[in-house]
Amino acid sequence: MPSAWNRLKAWLLETPGATDLSWSGAVAEAAGHQAGDLARLADTELRDRLTALPADFARGDESLAAFLAIVRELADRLVGLRPVDVQLRAAAAMLRGTSVELATGEGKTLVGAMVAVGLVVAGHRVHVLSANDYLAGRDAGWMGPLLAASGVSVAAVTSGSPHQDRRDAYRADVVYVPVTEAGFDVLRDRLCLDDADRVGIRPDAAVLDEADAVLLDEGRVPLVLAGEAAETVGADWELAAFVAGLTESDHYEIEDDRRTVHLTEAGLQAAEQQFPGVELFGADHELLARLHTALHAEALLVRDVDYVVEGGRVRLVSASRGRVEALQRWPEGLQEAVEAKERLEPSSGVDVLDQLLRLPATAPSLTAGCSAGPATRNGSPTANSTAFVTWPTATDGCSPVIGRGCSTCARAC
């Protein structure tokens with residue numbers, strides 16, 4: 001029995017939110033002892049053993065070890081990858097509801113496929129949520145033989161998938177899909193009045209690949225479904241020209257994080273001289289709001305860093321992915337302010353139809369996530385406590401980027 005001091009020291013030195021995975025070593029070892037017997041069985045016999053497992057197999061060490069041993073043998077035969085013990089331990093932890101971190105190169109994709117099979121055996125439909133189209137398509141094709149040999153149907157959804165293909169894909173036991181595509185399919189289905197128009201995405205269980213990117217980097221960024229507005233708000237050239245003539249420190253100050261800017265007393269006086277007779281803190285307070293928006297565009301948003309100009313249009317650059325997002329725009333007049341700054345004709349406005357947070361998946365309860373990390377600890381995956389979430393609808397104070405044409409939003413708030 002460790003002393004109180006040793007327990008306190010272990011608690012102080014442990015990674016916050018971590019949990020003990022020492023039990024998974026014995027489970028992986030027990031799975032290894034079954035390798036010889038399973039190697040003599042045909043693929044169909046392995047599948048029969050897999051389907052014979054009880055739905056709650058993950059709760060017992062013996063049945064969990066049996067599952068891992070069977071899937072290890074199938075993976076070796078069908079995809080040419082034999083899971084090592086650290087992968088078995090990671091899969092065991094995830095099947096018991098713990099998110100894990102594996103070192104780069106330790107095989108998150110195979111772990112995710114193993115967990116997906118386990119969730120199907122437990123009676124769930126599974127969405128394996130990835131960061132982008134490439135990973136969703138690649139992993140579905142790569143892991144498909146393993147899933148099929150386990151008696152599991154598999155499909156993939158990408159941004160280029162047509163409506164009928166999406167409907168067919170969501171009927172599969174396991175669907176590989178980018179988290180943004182899954183989120184927008186939920187949004188579109190919520191707006192449909194006719195069942196025939198819905199793709200039929202059914203939230204149940206989810207496995208997150210690159211969980212850190214989905215839960216942390218973009219976890220609080222809402223997905224916004226928008227349509228083109230009936231009226232277009234014009235660019236305010238006069239305000240853009242005025243703020244371009246202001247100087248930092250004299251007329252405005254920028255916070256250290258470079259996310260907030262505000263006018264100084266001298267800046268307010270300059271505004272009153274530029275627009276004589278206005279009451280910035282009275283009847284004309286809307287002008288003050290537009291003035292700050294124009295100043296935000298001028299002082300905080302940098303061309304070729306935060307946005308690019310292509311074909312006479314402002315295109316946002318994703319802060320988390322570094323990619324140009326052709327169908328996104330800033331809300332609340334900021335898009336028009338940047339267009340005025342660049343002396344461009346104003347683009348069509350949008351009306352927000354619906355929105356939800358991408359935190360994090362198409363499941364009422366998130367099973368677990370797997371992310372890449374720098375290393376394992378003592379030969380075992382680093383573990384973090386489970387996150388259980390629902391599809392929220394509030395923006396939690398975010399200023400979302402609106403995805404036009406049912407695309408994504410990706411501005412960190």
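Note that the coordinates shown come from a computational prediction; the quantities given were computed from them, not determined experimentally. In this chain, residues are counted from 1 in sequence order.
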With a cut-off of 3.5 Å and sequence neighbours excluded, list every side-chain donor-acceptor pair involving residues 280-290.
| from | atom 1 | to | atom 2 | distance (Å) |
| --- | --- | --- | --- | --- |
| D284 | OD2 | E279 | N | 2.7 |
| H285 | ND1 | G282 | O | 2.9 |
| R290 | NH2 | D236 | OD2 | 2.8 |

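- The pair E339-R313 fails the salt-bridge criterion, with no side-chain N (NZ, NE, NH1 or NH2) lying under 4.0 Å from an Asp/Glu carboxylate O.
- Salt bridge status for R190 with D185: absent, with no side-chain N to carboxylate O gap under 4.0 Å.
- Judged by distance alone, with hydrogens and angles left aside, the side-chain atoms of H251 form a donor-acceptor pair with the main-chain N or O of T247 at under 3.5 Å.
- In this structure, the side chains of L81 and D76 stay at 4.5 Å or more apart for every pair of heavy atoms.
- When all heavy atoms of A58 and L64 are compared, the closest pair comes out as O-CD2, 4.0 Å.
- The ring pair (Phe, Tyr, Trp, His ring centres under 6.0 Å) check on Y170 picks up H127, with sequence neighbours excluded.
- Counting only N and O atoms by type, the side chains of D133 and S159 include a donor and acceptor under 3.5 Å apart.
- Only one option out of V174, D204, D173 pairs with H124 in a side-chain contact (heavy atoms from CB on, under 4.5 Å); it is D204.
- You'll find the side chain of D304 stays beyond 4.5 Å of the side chain of V309, heavy atoms only.
- Under the side-chain hydrogen bond (donor to acceptor under 3.5 Å, both in side chains) criterion, the residue pairs touching residues 52-64 are D61-R96, with sequence neighbours excluded.
- Taking all atoms of both residues into account, the shortest heavy-atom contact from A113 to L146 is CB-CD2, 4.2 Å.
- Under the 4.0 Å criterion applied to side-chain N and carboxylate O atoms, R77 and E73 are assigned as salt-bridge partners.
- The 12-atom threshold is not exceeded at CG of D256, counting heavy atoms of other residues, nucleotides or ligands nearer than 6.0 Å.
- The backbone N or O of A103 sits less than 3.5 Å from a side-chain atom of E106, completing a donor-acceptor pair.
- Without hydrogens or angle criteria, N132 side chain to P178 main chain gives no donor-acceptor distance under 3.5 Å.
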